[in-house]
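Here is how names work: the chains are called A, B, and so on, in the same order as the sequence lines, proteins then strands, and each is numbered from 1. Computed from a predicted model, the values in this text were never measured in an experiment.
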There are 2 protein chains.
Amino acid sequence: MKAPASAPTTGSTAPPQEPRWLTDEEQRVWRWFMEGATLLDDHLDRQLQRDAGMPHVYYGLLVKLAEAPRRRLRMTELAMLAKITRSRLSHAIARLEKNGWVRREDCPDDKRGQFAVLTDEGLKVLRQTAPGHVEAVRQAVFDRLSQEQQKSLGEIMRIIAEGLQPAEAGADLPWLR
Amino acid sequence: MKAPASAPTTGSTAPPQEPRWLTDEEQRVWRWFMEGATLLDDHLDRQLQRDAGMPHVYYGLLVKLAEAPRRRLRMTELAMLAKITRSRLSHAIARLEKNGWVRREDCPDDKRGQFAVLTDEGLKVLRQTAPGHVEAVRQAVFDRLSQEQQKSLGEIMRIIAEGLQPAEAGADLPWLR
DNA sequence: GGCCCCTCCTTGAACTTTAAACAAATGGCC
DNA sequence: GGCCATTTGTTTAAAGTTCAAGGAGGGGCC
């Protein structure tokens with residue numbers, strides 16, 4: 001797919017606007033982004049699968065639970081924090097429960113509700129594997145970037161993340177699907 | 001998981017070094033990165049699944065093929081360009097072949113080899129769906145970032161991407177697995 | 001109360017990805 | 001030529017994710 005560097009706008013009222021193609025420079029940025037993100041994802045998934053026996057997303061769930069009061073969170077709340085769908089979370093928690101790292105608990109206030117609770121076992125696994133994971137993240141990311149770049153990266157990704165979860169009702173957010 | 005802001009180094013020769021935890025600031029950067037990447041991935045996957053009937057990765061494969069001479073690439077070459085494993089690629093191409101968007105061809109020079117070839121059908125789908133996809137990428141990323149930020153992002157992700165695919169032999173690269 | 005719509009979470013099937021094993025062909029080496 | 005390690009790509013099964021559907025409870029409204 002050749003992406004023309006730029007293109008004239010169409011004359012007047014036609015809905016099929018001329019696409020706003022990416023410039024060569026934008027194209028390069030986008031490709032580095034996708035490559036970096038893909039490789040990083042693969043790298044961390046592999047590291048955690050090897051050392052902790054779970055994918056990166058599952059590890060992230062344990063982290064969120066560990067940080068929460070009483071090491072527990074409502075399912076929807078956890079899905080929101082992890083930016084995933086409730087369905088995906090249900091399956092994930094089922095697996096983690098089978099491992100004995102998480103347990104479910106009924107919510108007293110709302111009979112529809114469920115808490116996911118990090119078990120002592122789960123906390124132990126997290127403690128054991130956290131150092132290796134942090135090290136992997138450091139080596140892949142922070143050790144390679146200047147202070148400036150780290151700050152930029154945070155700011156940029158914050159903008160993207162916030163752009164994708166608008167406050168408006170009706171937004172297509174994973175945890176509301 | 002609480003991540004201490006910093007920690008003293010261990011005395012001398014003990015292998016289990018004190019983990020180099022992330023500082024609060026690094027922690028924030030890392031979380032925005034993961035959130036942004038997760039949401040973006042979800043967003044684009046969904047957009048393409050809806051409008052093109054395939055996941056983002058598959059779309060990327062068609063793009064690579066469209067850019068290649070004679071619209072064809074060797075399997076391993078394509079896996080390398082897409083930063084994925086050959087196994088994953090095999091499955092993906094099988095699916096795209098079933099759709100009639102890609103066809104396989106034997107390599108004359110190397111009887112083990114296979115070409116993945118973009119069909120006219122595949123090219124058509126790409127042409128039809130590219131505008132919508134570019135627009136989605138723009139809205140989510142480029143429209144929200146300054147020129148400066150775009151440049152930074154490219155540079156940063158290039159560093160990360162290159163760091164994860166060292167030239168050395170024995171590197172754990174997806175397409176060599 | 002009864003009704004209706006919405007939220008919370010789960011389920012099963014279809015699809016995608018990973019992991020491990022494999023067949024076939026290549027290429028270096030003797 | 002013959003041998004052996006490596007490369008190429010596929011295959012199978014298991015694991016993970018998405019999609020569509022659904023059960024059950026909450027909460028407003030009459």
Side-chain angles (χ1 to χ4, degrees), chain A residues 38 41-50 52-61 73-80 82-99 102 104-116 169-170 172-177, chain B residues 38 41-50 52-61 72-80 82-99 102 104-117 169-170 172-177:
Chain A
T38 303
D41 221 36
D42 174 86
H43 185 66
L44 296 181
D45 256 335
R46 219 162 145 74
Q47 184 266 319
L48 283 169
Q49 192 65 59
R50 175 166 51 78
M54 66 188 129
H56 191 193
V57 177
Y58 289 27
Y59 180 89
L61 296 176
L73 285 168
R74 288 286 296 269
M75 294 296 281
T76 298
E77 174 79 351
L78 181 49
M80 179 162 29
K83 311 301 166 190
I84 63 177
T85 63
R86 281 173 296 183
S87 172
R88 186 178 181 180
L89 180 61
S90 267
H91 289 296
I93 292 296
R95 195 281 218 178
L96 291 171
E97 200 171 19
K98 212 173 295 178
N99 281 302
V102 168
R104 288 180 214 251
E105 227 170 86
D106 291 340
C107 176
D109 308 335
D110 184 341
K111 284 175 193 161
R112 296 166 304 176
Q114 288 276 105
F115 282 108
D172 177 36
L173 302 169
W175 54 94
L176 298 182
R177 291 216 272 263
Chain B
T38 303
D41 221 36
D42 174 85
H43 185 65
L44 297 180
D45 255 336
R46 217 160 147 76
Q47 183 266 319
L48 282 169
Q49 193 66 57
R50 175 165 50 77
M54 66 188 129
H56 191 193
V57 178
Y58 289 26
Y59 180 88
L61 296 176
R72 76 194 53 212
L73 285 167
R74 287 286 297 269
M75 294 298 280
T76 299
E77 173 78 352
L78 182 49
M80 178 162 29
K83 312 299 168 191
I84 63 177
T85 64
R86 283 172 296 180
S87 173
R88 185 177 181 181
L89 180 60
S90 267
H91 291 296
I93 292 296
R95 197 280 220 179
L96 291 171
E97 200 171 20
K98 213 174 294 178
N99 281 304
V102 168
R104 287 178 213 253
E105 229 170 84
D106 291 342
C107 175
D109 309 335
D110 185 339
K111 284 175 194 161
R112 294 167 304 178
Q114 288 275 104
F115 282 107
V117 187
D172 177 36
L173 302 169
W175 55 95
L176 299 181
R177 277 198 304 244

If the condition is side chain to side chain contact (heavy atoms under 4.5 Å, CB included), which residues does [X] pass it with, not counting sequence neighbours?
{"X": "A:Met80", "result": "A:Glu77, A:Trp175"}
{"X": "A:Asp110", "result": "A:Arg74, A:Cys107, A:Arg112"}
{"X": "B:Ala82", "result": "B:Leu61, B:Ile84"}

To the nearest angstrom, how far is [X] atom [atom1] from [N] atom [atom2]?
{"X": "A:Asp106", "N": "C:dC9", "atom1": "CG", "atom2": "P", "result": "11 Å"}
{"X": "B:Gln114", "N": "C:dA25", "atom1": "CD", "atom2": "C1'", "result": "13 Å"}
{"X": "B:Met75", "N": "C:dA24", "atom1": "CE", "atom2": "C1'", "result": "16 Å"}
{"X": "A:Leu176", "N": "C:dC8", "atom1": "CG", "atom2": "P", "result": "8 Å"}

Closest approach of [X] and [Y], non-hydrogen atoms and distance?
{"X": "B:Arg88", "Y": "B:Val57", "result": "NH2-CG2, 3.3 Å"}
{"X": "B:Pro55", "Y": "B:Arg95", "result": "CD-NH2, 4.0 Å"}
{"X": "B:Ile93", "Y": "B:Ala116", "result": "CD1-CB, 4.0 Å"}

Angle by which the axis turns from one end of the helix from C:dG1-D:dC30 to C:dC30-D:dG1 to the other, five pairs per end, to 10 degrees: 10°
Sugar-phosphate only, base, or nothing, as touched by B:Ser90 at under 4.0 Å among non-hydrogen atoms: base
Residues that B:His56 engages under ring-ring contact (aromatic ring centres under 6.0 Å, His included), provided they are two or more places apart: B:His133
Rounded distance [0.5 Å steps], [atom1] in [X] versus [atom2] in [Y]:
{"X": "B:Thr38", "Y": "A:Asp41", "atom1": "OG1", "atom2": "CG", "value": "7.5 Å"}
{"X": "A:Asp45", "Y": "A:Tyr59", "atom1": "CG", "atom2": "OH", "value": "13.0 Å"}
{"X": "B:Lys111", "Y": "B:Asp106", "atom1": "NZ", "atom2": "CG", "value": "10.5 Å"}

Do any N or O atoms of the protein come closer than 3.5 Å to N or O atoms of nucleotides 2-7 of chain C, and which pairs are they?
{"unit_1": "C:dT7", "atom_1": "O2", "unit_2": "A:Arg112", "atom_2": "NH1", "d": "2.6"}

First and last nucleotide of DNA chain D, 5' to 3', lying under 4.0 Å from heavy atoms of chain B: D:dT7 to D:dC19
Sequence neighbours left out, what passes side chain to side chain donor-acceptor pair (under 3.5 Å) with [X]? Give chain and number order.
{"X": "A:Arg86", "answer": "none"}
{"X": "B:Asp42", "answer": "A:Arg177"}
{"X": "A:Glu97", "answer": "A:Arg104"}

Protein-to-nucleotide contact annotation, 5' to 3' order, nucleotides 16-23 of chain C [B base; S sugar-phosphate only; - none; under 4.0 Å, heavy atom]: SBBB----
